[in-house]
Amino acid sequence: MRKWIIPVSLIVFTISLCFNAFKVIEVEEIKAYSSLEILLVGPVSFLGGGIFEFFIWTANIWFLIALIFIYKKQSYSKAFILGLIATVISISFLFWKEILIAENGRQGKIYSLEAGYFLWLTSFLFLTICSFFFNYKI
């Protein structure tokens, strides 16, 4: 079972990139943002003033480091903690009402969260729960 943590987490994460992450009301229209677009633009979002948006994007980094700990079989407890950090950060996005949509500081109201977001979150939850399970052998 342990050998399936990394592939399943990565498959769900990769599938999430094929869907929209969320929709935003942007100047009288609803615009969908793809998960892949968010993944690629996220690392530079702080350059446009998106400090909080960048903070949410860092969940990907915590997730990747947790996967490395599992792969190297160094510590499921470290993987659990890092996975938990990634999960908490990604869940915090559920409470956002607006998001930065332009470098000039313009905010857009979040209209809906889409499948890409929920699959992204699921990949983190799966890793976190499995790491907890294997660390504490429940």
Side-chain angles (χ1 to χ4, degrees):
M1 180 68 177
R2 293 175 199 239
K3 64 183 176 183
W4 291 102
I5 297 173
I6 294 172
V8 170
S9 294
L10 286 175
I11 288 169
V12 174
F13 184 87
T14 304
I15 290 171
S16 77
L17 299 176
C18 300
F19 294 93
N20 290 330
F22 52 85
K23 291 182 180 177
V24 174
I25 299 173
E26 186 177 329
V27 190
E28 299 180 15
E29 70 174 317
I30 297 174
K31 182 179 179 197
Y33 286 86
S34 76
S35 298
L36 182 59
E37 175 185 3
I38 300 301
L39 179 68
L40 297 175
V41 175
V44 296
S45 60
F46 69 92
L47 296 174
I51 301 299
F52 295 116
E53 288 78 2
F54 177 75
F55 174 71
I56 296 297
W57 183 86
T58 63
N60 297 312
I61 297 169
W62 298 115
F63 173 71
L64 178 62
I65 296 169
L67 286 175
I68 291 169
F69 276 113
I70 290 173
Y71 177 74
K72 292 188 174 188
K73 298 177 184 170
Q74 289 179 346
S75 175
Y76 285 105
S77 62
K78 290 178 185 174
F80 169 68
I81 291 167
L82 294 170
L84 187 61
I85 291 169
T87 302
V88 169
I89 290 172
S90 60
I91 287 174
S92 72
F93 190 69
L94 284 169
F95 302 102
W96 285 36
K97 303 294 183 218
E98 294 184 328
I99 191 165
L100 183 71
I101 57 173
E103 289 180 12
N104 65 4
R106 188 176 67 208
Q107 297 278 321
K109 182 175 171 33
I110 296 174
Y111 180 73
S112 66
L113 298 173
E114 301 294 317
Y117 168 76
F118 291 108
L119 287 167
W120 179 67
L121 177 60
T122 301
S123 67
F124 296 169
L125 283 169
F126 180 78
L127 173 109
T128 304
I129 291 168
C130 288
S131 297
F132 178 82
F133 178 77
F134 290 120
N135 185 52
Y136 297 105
K137 296 173 182 70
I138 295 175

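Note that this is a predicted model, so its numbers are computed, not measured. Residue numbers run from 1 in the order of the sequence given.
- Linking Ile, Leu, Val, Met, Phe, Trp and Tyr residues whenever their side-chain heavy atoms come within less than 4.5 Å places Tyr71 and Ile85 in a single cluster.
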Show your reasoning for whether side-chain contact (heavy atoms from CB on, under 4.5 Å) applies to Phe63 and Leu67. CA-CA 6 Å; Phe63 173 71; Leu67 286 175; 3.6 Å; yes
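- Tyr33 and Ile30 fall into different hydrophobic clusters, where Ile, Leu, Val, Met, Phe, Trp and Tyr are joined by side-chain heavy atoms under 4.5 Å apart, directly or via other members.
- Using a 4.5 Å heavy-atom threshold, the side chains of Trp57 and Ile89 count as separate.
- Within a 6.0 Å sphere centred on CZ of Phe118, heavy atoms belonging to other residues, nucleotides or ligands number more than 12.
- Under the 4.5 Å side-chain criterion, counting only non-hydrogen atoms from C-beta, Cys130 is not in contact with Trp4.
- We find the CG-CG distance between Leu119 and Leu125 to be 11.5 Å, quoted to the nearest 0.5 Å.
- Ring-plane geometry between Trp96 and Phe93 is classed as tilted, the angle between the planes lying from 30 to 60 degrees on a 0 to 90 degree scale.
- Listed here is the closest heavy atom pair of Gly116 and Ser35: CA-OG, 3.4 Å.
- Residues Ile5 and Ile129 are members of separate hydrophobic clusters, defined by side-chain heavy-atom contacts under 4.5 angstrom among Ile, Leu, Val, Met, Phe, Trp and Tyr.
- Summarising the geometry, atom CG belonging to Leu36 is positioned 10.5 Å from atom OG1 belonging to Thr14; distances are rounded to the nearest 0.5 Å.
- Remark: side-chain polar atoms of Ser90 are not paired, donor with acceptor, to backbone N or O of Leu121 under 3.5 angstrom.
- Atom CG of Leu40 is separated from atom OG of Ser34 by 8.0 Å, given to the nearest 0.5 angstrom.
- Considering only heavy atoms from C-beta on, Tyr76 stays 4.5 Å or farther from Phe69 through its side chain.
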Walk me through it: do Phe52 and Ile56 pass the test side-chain contact (heavy atoms from CB on, under 4.5 Å)? CA-CA 6 Å; Phe52 295 116; Ile56 296 297; 5.9 Å; no
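- Put simply, the side chain of Phe80 reaches to within 4.5 Å of the side chain of Thr128, judged on heavy atoms.
- The structure places CD of Glu98 at 10.0 Å from CD1 of Ile25, a figure rounded to the nearest 0.5 Å.
- Atom CG of residue Leu82 and atom OG1 of residue Thr87 lie 10.5 Å apart, to the nearest 0.5 angstrom.
- Considering OG of Ser77 and CZ of Phe132, their distance stands at 11.5 Å, rounded to 0.5 Å.
- Between Phe22 and Tyr117, the gap from one ring centroid to the other reaches at least 6.0 Å.
- Linking Ile, Leu, Val, Met, Phe, Trp and Tyr residues whenever their side-chain heavy atoms come within less than 4.5 Å places Ile99 and Ile51 in a single cluster.
- The closest side-chain heavy-atom distance from Asn60 to Leu64 is not below 4.5 Å.
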Could you walk me through whether Leu39 and Phe13 satisfy the side-chain contact (heavy atoms from CB on, under 4.5 Å) test, starting with their C-alpha distance in whole Å, then the side-chain angles of each, then the deciding distance to 0.1 Å, before giving a yes or no? CA-CA 11 Å; Leu39 179 68; Phe13 184 87; 4.2 Å; yes
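- Under a 3.5 Å cut-off, the side chain of Ser123 and the backbone N or O of Trp120 do form a donor-acceptor pair.
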Verdict with reasoning, Phe126 to Val12, per side-chain contact (heavy atoms from CB on, under 4.5 Å): CA-CA 9 Å; Phe126 180 78; Val12 174; over 6 Å; no
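- Under the 4.5 Å side-chain contact rule for hydrophobic residues, Ile38 and Phe55 share a cluster.
- Remark: the backbone N or O of Ile101 is not paired with any side-chain donor or acceptor of Glu26 at under 3.5 angstrom.
- Counting heavy atoms from C-beta outward, Ile91 and Leu94 have side chains that approach closer than 4.5 Å.
- Thr58 is linked by a side-chain hydrogen bond (donor to acceptor under 3.5 Å, both in side chains) to nothing, counting only residues two or more places apart in sequence or in another chain.
- Val24 is not listed as a side-chain neighbour of Lys109, based on a closest heavy-atom distance of 4.5 Å or more.
- Heavy-atom minimum distance, Leu127 versus Gly83: CD2-CA, 3.8 Å.
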